[in-house]
Structure formats: C-alpha cells, structure tokens
There are 2 protein chains.
Amino acid sequence: MHRKPAVTDRIRREKNRRTGEILQAALKVMLEKSYTGATMDDIAAGAGITKPTIYQYFRTKDELFAALIEPLIISLADKLDAIRTAVESEKYKSGKKIIRDVYNVYYDTFESDPDLFRLFVIFQQVGMNAGMSGVAVEKIREIGGKCFIAGQSIVSAAVARGLFRKVDVPHTTDFVWGSFWGIVQVEQNKWGRDGISPYLKPVLKFGENLLIAALVQD
Amino acid sequence: MHRKPAVTDRIRREKNRRTGEILQAALKVMLEKSYTGATMDDIAAGAGITKPTIYQYFRTKDELFAALIEPLIISLADKLDAIRTAVESEKYKSGKKIIRDVYNVYYDTFESDPDLFRLFVIFQQVGMNAGMSGVAVEKIREIGGKCFIAGQSIVSAAVARGLFRKVDVPHTTDFVWGSFWGIVQVEQNKWGRDGISPYLKPVLKFGENLLIAALVQD
DNA sequence: TTCAGTATTTTACTCATGGTAAAATTATTT
DNA sequence: AAATAATTTTACCATGAGTAAAATACTGAA
C-alpha cells in the first residue's frame with residue numbers, strides 16, 4: 001500500500017514521541033525503584049499506555065534499559081576518543097594535562113546527568129551477572145569496549161611520545177578505569193539513592209593526583 | 001517434651017550437615033548460573049531435596065546467599081582489624097609495610113577462594129540495587145561497615161604516627177577501597193566466568209605502588 | 001461519508017520463579 | 001504399639017516478563 005509522504009512523516013514523529021515517552025517513564029520508574037524493582041507495568045502506567053505497547057518499541061526490558069543509557073556511554077566513548085586523537089596528533093604538551101582531561105571526561109559525564117549515570121552503574125552491575133543479551137545490550141557492551149580501547153590508546157600514545165613514564169599499558173588502563181568505576185560505586189553506595197555524594201569529586205581528584213605523580217615525568 | 005542428649009546431638013549434627021549440603025549446592029549452582037539465574041529449585045535439586053526444605057534452613061534466597069559469603073567477609077574484616085591493632089599499637093615501622101599488608105589481605109582473601117570471592121562481588125552488585133533485606137543480609141552489611149572502619153582507622157593511625165603523609169583520611173580510605181573493588185570487578189568482567197584474571201595481581205600491585213609513592217614519606 | 005485494509009493498542013492470557021500452607025512421612029518417647 | 005513431635009514433600013499462591021489474539025484507530029479510495 002502506498003502512503004503519502006506527509007503521513008509517513010507524521011507517523012515516524014509519533015513513533016519517536018512515544019519512544020521518548022516510554023524512555024522518560026522508564027527512567028523515572030527505574031530511578032525510583034531501581035532496575036529490578038521497576039516493573040514493565042509500572043513503566044507502562046507512567047507513560048500512560050499498557051505493557052504490550054512497550055514491547056512494540058523495545059524487545060525486552062534489558063533493551064529498554066540499554067536504550068536508556070546508550071546516549072551517555074556514546075558520549076563517554078566520543079570524548080575519550082577525542083582525547084586519543086589529540087594525543088596521537090601531538091596536541092598535548094604535558095602528560096599531566098592528559099590525565100586531568102581524562103578524569104574530567106569521567107567526571108563531566110557523571111555530573112551532566114547523575115541520575116542517568118546511576119542507572120549506568122546499575123546496568124553494568126546487573127548486566128554483568130544476570131546474563132543480559134539482545135541487540136541493544138550488545139551495542140552497549142561494544143561501546144564500552146571502545147571506551148576501553150580509547151583508554152589504552154591514550155596511555156600507549158602518551159608513553160610513546162614521552163609524556164608518560166614507561167608504564168605497562170594494560171595495567172595502567174585497567175587501573176584507571178577500575179579505580180574510577182570502583183570509586184563511583186563506593187560513593188554511590190555510601191550516599192544512597194538520592195543525589196550525588198559530595199565526596200565523589202574530591203576522591204576522584206585524589207586518584208587523579210596519585211596518577212599524575214606516578215605517570216608523569218617532571 | 002524431653003529429649004535424650006545423645007539424640008539432641010545427633011539431630012543438631014544432621015541439621016548442620018543438611019545446612020552444609022544446601023550451601024554447597026547453592027555455591028555450585030550460583031557459580032554456574034550466577035545469582036539471578038540460580039533458582040531455588042535448582043539448588044534444591046543439587047542438594048537432593050525439594051525447595052521448601054531449603055526454606056526450613058534459610059528464610060529467603062538472599063539469606064542463603066548471604067550465608068554463603070559470610071565466612072569470607074568475616075575473615076576479611078578480621079584480617080583488616082588485625083592490621084589496625086598492629087598499627088595502633090605501634091608494631092609497624094614503615095608506612096610501606098602497612099600498605100603492602102593491606103593489599104595482601106585483599107589479595108589473599110581473593111586468592112584463598114576465587115569462586116567464593118566472585119560471589120561476594122555479585123552479592124555487593126546485586127544487593128546494592130535490588131534492595132535486599134533480612135537478618136543475614138544486614139549482618140553482611142554490618143561486617144562490610146567494619147571493614148570500612150578498620151580501613152579508616154588504619155589510615156588515621158598511620159597518619160597520626162607519621163607513617164603516612166598528612167592525607168585526608170576519608171578520601172584516602174574511599175580511594176583504597178574503591179580502587180580495589182573496581183579493579184577486581186573490571187578484571188572479573190574482562191576475564192569472564194571461569195578462573196582468575198592473570199592481570200588482577202599485577203594491576204593491584206600497580207595500585208599498591210602508586211599508593212606507596214603517594215602516601216609514604218621516605 | 002463509508003468501507004476495506006492496515007497499523008496500533010489493549011485484553012486476557014502463558015510461563016517461570018520465589019515463597020508458603022497443609023498433607024504426608026519419618027523419627028522419638030512413653 | 002500408640003501418641004506426639006519434627007521434617008519433608010505435594011500442591012498451591014503471587015508476581016512479573018513476555019505474547020496471541022481481539023479490539024480499536026487510522027489511512028486511502030470510491
């Protein structure tokens with residue numbers, strides 16, 4: 001059947017709008033009740049529809065969850081990749097600045113939407129041990145991998161250009177990523193469900209200075 | 001009703017044996033299928049009994065889980081507390097040794113039973129965001145708190161005795177705990193379900209050296 | 001405007017799983 | 001051997017993810 005282009009357009013807009021409504025409701029409910037506690041019926045009710053309609057837009061609860069945090073992790077990957085490019089094209093004069101920038105990327109990503117970031121943490125925690133699957137979930141994992149590779153490339157390039165001491169690249173990358181991740185979790189758990197721990201920034205800063213002392217030759 | 005002491009004894013032994021069988025089966029199944037994937041029926045089948053019998057010994061799945069990892073976290077708390085006592089009673093001559101010992105405690109706890117440790121990580125991850133409750137779970141949380149306090153006391157005492165530089169105690173403690181925790185998770189996620197990541201030890205060592213450089217005055 | 005065809009949404013389910021009440025079984029004391 | 005107490009199992013409930021099919025709303029052509 002042929003359809004008028006104007007109509008096709010409107011339909012696509014409506015679909016996007018509904019997708020947005022679902023995501024918005026999902027975010028709200030999941031923030032309130034955490035992933036496990038948020039039921040699909042809750043989310044549907046929040047969006048003013050019924051459960052099966054959600055399944056018209058998202059294949060599973062996991063994929064809905066993944067779609068929610070996708071923009072955040074994409075932005076993270078992009079920012080890290082930008083630093084990588086800058087290091088590789090010799091834009092940086094000091095290793096210190098690289099480390100500061102990397103930590104700022106982490107922190108900015110967190111600060112720009114702490115609620116969403118909290119969901120991101122939950123996604124990693126739940127996803128890793130409750131065997132999630134599905135297209136969207138794989139996508140997130142893939143982008144996560146990109147973050148990791150960007151991190152490795154940054155360290156590797158910085159070492160090659162003499163901006164960092166001759167450290168072991170995988171160990172350093174694992175340490176940076178792992179410590180950031182762990183600190184965020186610890187602060188979040190200590191602080192509870194609402195708001196940002198006021199300690200997060202200073203503790204990350206502490207780690208940043210530690211790394212600078214260890215990695216940068218003066 | 002009065003019972004002969006020998007019989008009472010045997011009954012207690014039988015109860016302990018069954019408890020042990022359930023825990024063993026639970027460990028096996030949870031390692032295979034992770035917490036969420038392990039059903040109570042699975043565990044019961046593994047122990048050669050039926051589900052309701054488990055509920056005779058453990059109030060909820062959460063408590064069964066908690067009972068599983070309790071010995072591990074108690075041992076961790078004890079070891080940290082021993083270091084605390086040693087620092088406070090001036091047994092340590094160097095800050096370096098303190099940091100090495102703390103990291104060894106972490107690593108030994110992990111190495112003595114990696115499978116159990118993996119469950120411990122899952123427990124934290126799942127428990128934190130799937131609102132666990134119950135007596136046993138509270139107990140775990142309480143012991144976790146003890147670990148944290150021991151850590152703080154160690155740093156605080158070491159600073160007071162001039163073994164560490166004058167660092168901010170909460171920030172330092174959060175960093176040490178968080179980075180350890182994050183690194184374990186990152187390595188575990190990278191390495192997958194089976195075995196220990198060969199990177200864990202070197203990455204922890206990396207962090208250890210970083211901390212020594214930052215905290216210890218030479 | 002009305003009808004045939006299509007897309008979307010909802011009603012009314014299924015299935016899996018944590019947890020439980022009550023029946024059945026086994027053990028213990030007299 | 002009968003009475004009683006403890007333990008285990010059978011048969012169930014409640015909840016929540018996911019789905020088939022009915023119902024509704026929308027689109028294009030006459």
Side-chain angles (χ1 to χ4, degrees), chain A residues 1-19 21-22 25-26 29-30 32-66 126-127 130-137, chain B residues 1-19 21-22 25-26 29-30 33-67 126-127 130-137:
Chain A
M1 171 221 201
H2 253 301
R3 217 190 233 143
K4 292 174 182 165
V7 172
T8 314
D9 245 46
R10 181 175 53 71
I11 286 177
R12 218 195 40 239
R13 273 203 312 279
E14 296 255 300
K15 253 196 145 98
N16 286 342
R17 190 176 50 78
R18 177 129 292 182
T19 305
E21 282 167 7
I22 294 171
V29 176
M30 283 186 182
E32 274 165 22
K33 314 196 175 183
S34 188
Y35 180 70
T36 324
T39 74
M40 291 302 264
D41 283 306
D42 283 342
I43 295 168
I49 52 175
T50 54
K51 184 171 56 170
T53 303
I54 295 182
Y55 286 90
Q56 210 71 21
Y57 294 83
F58 300 95
R59 264 202 235 120
T60 63
K61 194 182 176 187
D62 296 346
E63 285 198 22
L64 172 54
F65 195 6
V126 174
M132 281 189 181
S133 60
V135 190
V137 179
Chain B
M1 170 222 204
H2 253 305
R3 213 187 235 148
K4 288 173 184 166
V7 172
T8 313
D9 244 45
R10 180 174 52 73
I11 285 176
R12 217 194 40 239
R13 272 202 313 278
E14 295 255 300
K15 252 196 146 97
N16 286 342
R17 189 176 50 79
R18 178 128 291 183
T19 306
E21 282 167 8
I22 294 171
V29 176
M30 283 185 182
K33 314 197 176 184
S34 190
Y35 180 69
T36 323
T39 75
M40 292 301 265
D41 283 307
D42 283 342
I43 296 168
I49 52 174
T50 54
K51 184 170 56 171
T53 303
I54 296 182
Y55 285 91
Q56 210 73 22
Y57 294 82
F58 301 95
R59 266 203 234 119
T60 63
K61 193 182 176 187
D62 296 346
E63 285 197 22
L64 171 55
F65 195 7
V126 175
M132 281 189 181
S133 61
V135 189
V137 179

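Just so we're on the same page: letters track the sequence lines, and every chain starts at 1. Computed from a predicted structure; not experimentally measured.
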Quiz item: Under the 3.5 Å rule, do the base of D:dG18 and the side chain of A:Lys51 count as making a donor-acceptor pair?
Solution: yes
Quiz item: Hey, can you pull the residues of residues 52-62 of chain B with a non-hydrogen atom under 4.0 angstrom from DNA chain C?
Solution: B:Pro52, B:Tyr55, B:Thr60, B:Lys61
Self-check item: Non-hydrogen side-chain atoms of A:Leu64 and A:Ile43 separated by less than 4.5 Å
Solution: yes
Quiz item: To the nearest angstrom, how far is B:Arg18 atom CZ from C:dT26 atom P?
Solution: 13 Å
Exercise. Output the distance between atom OH (A:Tyr57) and atom CG (A:Asn16), rounded to the nearest 0.5 Å.
Key: 9.5 Å
Quiz item: Heavy-atom distance under 4.5 Å between the side chains of A:Phe58 and A:Thr19, does that happen here?
Solution: yes
Quiz item: Near DNA chain D, under 4.0 Å by heavy atom, which residues of residues 38-50 of chain A?
Solution: A:Ala38, A:Thr39, A:Met40
Practice problem: Using the salt bridge (Lys or Arg N to Asp or Glu O under 4.0 Å) rule, collect all pairs that involve residues 44-54 of chain B, keeping only residues at least two apart or in two chains. | Solution: B:Asp41-B:Lys51
Quiz item: How close do B:Ala25 and B:Gly46 get, heavy atom to heavy atom, and via which atoms?
Solution: CB-C, 3.7 Å
Quiz item: Taking all non-hydrogen atoms of both residues, which atom of B:Lys61 and which atom of B:Ala38 are closest, and how far apart?
Solution: NZ-O, 2.7 Å
Self-check item: Sub-4.5 Å side-chain heavy-atom contact between A:Ile49 and A:Glu21
Solution: no
Quiz item: Can you check whether A:Asp42 reaches A:Glu32 side chain to side chain, under 4.5 Å on heavy atoms?
Solution: no
